[in-house]
Each structure stands twice: as structure tokens, then as C-alpha cells.
Amino acid sequence: MKYTDNYRLKGLRKKLVETVRSKGIKDERILEAIENIPRHYFIDPEFAEWAYKDTAFPIEAGQTISQPYTVAFQTELLEIQPKDKVLEIGTGSGYQAAVLSYLGAKVYTIERQEKLFYKTTKFLEDIGFGTIRTFHGDGYLGLPIYAPFDKIIVTAGASEIPQELVKQLKPGGIMVIPYGSGDIKDMVKLIRLDDDNVQIEKHGKFSFVPFVKGVNKDK
Ligand code: SAH
């Protein structure tokens, strides 16, 4: 069996939940997702224990699985309701997508690295998250065919707010995007009020791998 869980790892997961809670996450459904989704499946099995430290960790193609606190924080800002149609930019390991799916969202996720796209698509099916729809493409363009979305989450650090993505939000929809000119980004929550107006809030500083235009087909 490729994916196995055990009591020790479950115990570490409970501790991780307490760490994330102590940093200010209040939504019990998100904490339950962290407790129930084996994060060690999403990284190299040799490093299983590392999955339960509250840190980002390297995955393939020079990318990272986001820090659990950051995943919880971005998810909380999205105010997910069951059945929300959510677009994620930056599939990476698939962990953030799995958390959104656990909360009952209909998840669409785009990854620019072809290798990671294939690997994560199969992996999500293997661990029971096959309803997540994965796409290989450039997240700057979003998924116009499937728009509009209730929520959009960008999991790479942006130096501009893609207007294509704003257009793909429903009125009243929320986009959470780490945004800024330097390496450290402001966690921006953008609410599309109506066709022409958005409201912008900033929620602290975070660092992310860069949001890069275009696709990468390296195998
Ligand atoms: N959500 C992921 C975090 C992965 S790191 C997780 O939970 O593991 C961010 C990811 O964004 C990387 O995999 C990177 O390749 C991807 N990315 C960067 N720019 C992108 C773009 N323009 N379109 C789609 N994905 C992009």
C-alpha cells in the first residue's frame, strides 16, 4: 500500500491543529480538514514527519506545499460555503485543493508545471479526491469556459492582480491573492461588489513561490 496513516501521524496532526488554532484560525471546519486530511501523503513519504510541522515544504519542480497556517488563513478569508464553485491557481501538491474539497466546494485548479499537473491529478484520484477538476494551463488566464466562480484563490505570489481573474468572479465573489511588488506579499482579499467595483482588504504579510506567466512543459 502506497498511502498509509497511523496513530503516531494522527497524533502529530492533532498537535498541528492546535498550533494552527493558537495562531488565530477559528473556523472549526477548516481545523477538522487539517485533522482529517493526511498531509504526509502530499509530500515525499521519507519526510512524513515534516508534513506535521507548520512550515512550507519542497515538492517537485522547485515548488512548495504551502504552510498549513497559510492554507488555513487563505481558506478562512474565502468564507467557503458548501457547493461554492472555487477556482484555485497553483495546484502544486493538491493539499489546498483537498482542503477546499473537504469543505464541500466544487474545486477547479490550474497548474502551470506539466509534470506536477500529471502527478497531482493521479494522486488526488488515488487518495479519494477525484472530484477535484485539475487543469494544465496559465492561471493568469483563469478558466473562462467554467466562469463565473464564487471564489478564487491564488497560491503563488503575484506582482499584479490579473484582471482576467477579477472578471471571472461572480458579483459578491471573493478572491484571495498574495500580492505586492517585493518578495513579501500582502494577503489581499478582493471582493467583487458589482461589474465595475471591487473592495480590497489587506490581511498581513506572507511569502510565496512566484506567480509566473505561461506554462512549463518540462517533463
Ligand atoms: N496550492 C499548492 C501550493 C503550491 S506552490 C499546494 O497546496 O501545494 C504554488 C504553485 O503555483 C506552484 O506549483 C507553481 O508551479 C504554480 N504556479 C505559478 N504560476 C502559475 C500560473 N501562472 N498558473 C498556474 N500555476 C502557477
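Just follow the structure's listing: the first ligand is 1, and inside any ligand the first atom is 1. Everything numeric in this text was worked out from a predicted model, so none of it was measured.
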Would you call the rings of Tyr140 and Phe211 parallel, tilted or perpendicular, where under 30° means parallel and over 60° means perpendicular? parallel

Give a yes or no on whether a salt bridge exists between Arg8 and Glu49, defined as a side-chain N under 4.0 angstrom from a carboxylate O. yes

Separation between CD1 of Ile25 and OG1 of Thr70, rounded to the nearest 0.5 Å: 9.0 Å

Flag Val209 as yes when one of its N or O atoms lies below 3.5 Å from any N or O atom of ligand 1, and as no otherwise. no

Of the protein's non-hydrogen atoms, which lies at the shortest distance from atom 7 (O) of ligand 1, and what is that distance? Gln96 N, 3.1 Å

Around atom 9 (C) of ligand 1, find the nearest protein heavy atom and jot down its residue, atom name and distance. Thr155 O, 3.4 Å

Chi angles and distances behind the side-chain hydrogen bond (donor to acceptor under 3.5 Å, both in side chains) call for Tyr3, Asp126: CA-CA 9 Å; Tyr3 300 109; Asp126 288 350; 4.7 Å; no

Is Ala61 in contact with ligand 1, taking contact as a heavy-atom separation below 4.0 Å? no

Are any of the N/O atoms in Gly90 less than 3.5 Å from those in ligand 1? yes

Are Lys213 and Glu160 within salt-bridge range, i.e. N to O under 4.0 Å? yes

Does Phe206 have Lys185 sitting over its ring (NZ/CZ under 6.0 Å from centre, angle to axis within 45°)? no

In this structure, which one of Lys14, Lys10, Arg29, Lys15 forms a salt bridge (Lys or Arg N to Asp or Glu O under 4.0 Å) with Glu35? Lys14

Mind checking whether Thr91 contacts ligand 1 via backbone (N, CA, C, O), side chain (CB onward), both or neither, at a 4.0 Å heavy-atom cut-off? backbone

Check each heavy atom of Gln63 against ligand 1 and say whether those closer than 4.0 Å belong to the side chain, the backbone, both or neither. side chain

Write out the residue and atom name of the closest protein heavy atom to atom 4 (C) of ligand 1, then the distance separating them to 0.1 Å. Thr64 O, 3.0 Å

Taking only heavy atoms of Phe211 into account, list the atoms of ligand 1 that are under 4.0 Å away from them. 19 (N), 20 (C), 21 (C), 22 (N)

For Ile110, atoms of ligand 1 separated by under 4.0 Å from a heavy atom: 24 (C), 25 (N)

Are Asp186 and Lys205 close enough for a salt bridge, meaning some N to O gap below 4.0 Å? yes

Is it the side chain (CB and beyond), the backbone, both or neither of Ala97 that lies under 4.0 Å from ligand 1, heavy atoms counted? neither

Hey, mind stepping through Phe123 and Tyr41 against side chain to side chain contact (heavy atoms under 4.5 Å, CB included) and telling me if it holds? CA-CA 9 Å; Phe123 162 72; Tyr41 292 175; 3.9 Å; yes

NZ/NE/NH1/NH2 to OD/OE distance under 4.0 Å, Arg21 and Glu28: yes

Considering only heavy atoms of Tyr95, which atoms of ligand 1 have at least one such atom less than 4.0 Å away? 7 (O)

Among Gly92, Ser93, Ala98, whose heavy atom sits nearest atom 8 (O) of ligand 1? Ser93

Which ligand 1 atoms are under 4.0 Å away from a heavy-atom of Pro210? 18 (C), 19 (N)

Which atoms of ligand 1 are found less than 4.0 Å from any heavy atom of Gln113? 15 (O)

Can you tell if the side chain of Tyr108 reaches within under 4.5 Å of the side chain of Ile152, non-hydrogen atoms only? no

The single option from Ile30, Val71, Asp84, Ile80 that satisfies side-chain contact (heavy atoms from CB on, under 4.5 Å) with Leu100 is Ile80

Counting from 1, what ligand 1 atoms have a heavy atom of Ile65 closer than 4.0 Å? 8 (O)

Salt-bridge present (Glu164, Lys167; N to O < 4.0 Å): yes

Number the atoms of ligand 1 from 1 as they appear, then name those within less than 4.0 Å of a heavy atom of Glu88, with their elements. 1 (N)

Would you mind checking which non-hydrogen protein atom is closest to atom 23 (N) of ligand 1, with the distance to 0.1 Å? Gly139 N, 2.7 Å

Just which atoms of ligand 1 are under 4.0 Å from any heavy atom in Ser66? 3 (C)

Ignoring hydrogens, just give me the one of Arg112, Glu111, His136 whose non-hydrogen atom is nearest atom 15 (O) of ligand 1. Glu111

Residue and atom name of the nearest protein heavy atom (relative to atom 22 (N) of ligand 1), distance in Å to one decimal: Val212 O, 2.6 Å

